[in-house]
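Below is one structure, written out as structure tokens; comments come after it.
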Number of protein chains: 2
Amino acid sequence: MSLRHALLGALAAEHHTGYSLLKHFEQSLGYAWPAGHSQIYPELARLLERGLIEQTASGPRGARTYATTAAGVEEVRRWLRTEPDRRVRSDAALRVFFLWLLPPDDAAAYLAAERERYLALHAELERIRDEEEPETPKQRAYRLALVGGLLALEAQIRWAEWALEEVATWR
Amino acid sequence: MSLRHALLGALAAEHHTGYSLLKHFEQSLGYAWPAGHSQIYPELARLLERGLIEQTASGPRGARTYATTAAGVEEVRRWLRTEPDRRVRSDAALRVFFLWLLPPDDAAAYLAAERERYLALHAELERIRDEEEPETPKQRAYRLALVGGLLALEAQIRWAEWALEEVATWR
DNA sequence: ACGTACATGTAAGGAGTTACATGATTTG
DNA sequence: CAAATCATGTAACTCCTTACATGTACGT
């Protein structure tokens, strides 16, 4: 259900082909809702059939560019006013509950690797943030999401560092 | 795959019936990996068949208590040494990208509601944290996960408050 | 006795992942 | 002309959600 609305929202912001949507998911939307091409293309076909998106151009290699219709934008607005599904799955967070099953050194190695991942991702989001000043409403909303990601990563980095100190006392 | 290991890890920490695992997911593990009874019972049957858990007791109403076997514990350790799947899906985070499609007042209402949710959950996790001092290795690992949740929520609360100020300038 | 919580199960459908499959255009 | 990237599609499988289904024990 979320994927459908992610596509409608992205195509309301700017025109995209399935392929450029795929790239867009890899670079930004995917941090909140990952999606591969095998999900995107069939869903675009369904949205087109239901009149929530329309084809606006054709390009080389059979590329088709889409945009959200007025009905599609209304559907996103309707969705935004419903209760979000707050269930979140994080394999990485789950593992923490069971770190006591590993020798302390291995648990520490896990935490150190997590910290490195978070640091690398944080640096990348900072780079994206500093690329340009948000100006349009759309850019300002994307910036909200980006800053949310940065703050979450900062919390995770601090957590991993604290957890490493904790685990050091387990020996 | 994660559900399987969540069950093995939980049953390595203490014996559980399917029903008490369900409650355990609702209260703690589910914040990292939600699961309902319709997933838990069939998965327990599979783990039992594969010899990764064993039945240790029977109770009233057909209740069966399980524990992880030595082979099951080894399987958790093996899993903990594989690369975590870092994909995370958050419907709530996804919506932020598209808040520009709402009138600023409605966007602000969304953010305010999110803030309330985070505050309530934070208070609940603090209550759980203050219930008892962690002593065993298992309790210390669960505490790591709990503190991770608290830090993440604090970041989300600060983010929501900053975002509310931002959205106030959209008018 | 009645309601609530305990306790387990299955089935249908939807969502997501991985693998299979193909071909055109651009860049070096 | 070779490799990388652009571009789209389908199929099988696994996982997750929702709904249907049933029965027992405990507390008041």
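Below, each value reflects all heavy atoms present in this structure, side chains not excepted, and no hydrogens, waters or symmetry copies. Just so we're on the same page: letters track the sequence lines, and every chain starts at 1.
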Does Ser38(B) get its side chain close enough to the base of dT18(D), under 3.5 Å, for a donor-acceptor pair?
-> yes
Presence of Tyr41(B) side-chain N/O under 4.0 Å of dG9(C) phosphate oxygens OP1/OP2 | no
Please state how far atom CZ in Arg46(B) lies from atom P in dT8(C), giving the value in whole angstrom units.
-> 16 Å
Taking CG from Leu44(B) and C1' from dT10(C), how many angstroms apart are they, rounded to a whole number?
-> 15 Å
Have His15(A) and Thr65(A) got a donor and an acceptor in their side chains that come within less than 3.5 Å?
-> no
Would you call Arg78(B) and Glu74(B) a salt bridge, using N to O less than 4.0 angstrom?
-> no
Main-chain N/O of Thr136(A) paired with Gln139(A) side-chain donor or acceptor, under 3.5 Å | yes
Rounded distance (Å) that lies between atom P of dT18(C) and atom CG of Leu22(A) = 14 Å
If the plane angle is over 60° it's perpendicular, under 30° parallel, otherwise tilted; pick one for His5(A) and Trp79(A).
-> parallel
Considering just the side-chain nitrogens and oxygens of Tyr19(A), establish if one lies under 4.0 Å of OP1 or OP2 belonging to dC6(D).
-> yes
Given DNA chain D, 5'-ward residue of the pair Pro42(A) and Arg61(A), judged by closest heavy atom = Arg61(A)
Between P of dT10(D) and CD of Glu43(A), the distance in whole Å | 13 Å
Could you state the CD-P distance from Gln39(A) to dT14(D), rounded to the nearest angstrom?
-> 17 Å
Picking from dT10(C), dT10(D), dT25(C), which would you name as closest to the side chain of Pro60(A)?
-> dT25(C)
Separation of dG14(C) P from Leu3(A) CG (nearest whole Å) | 15 Å
What one should report as the nearest heavy-atom pair of Thr68(A) and Leu8(A) is OG1-O, 2.7 Å
Residues in residues 77-97 of chain B with a heavy atom under 4.0 Å of DNA chain D, by number, are none
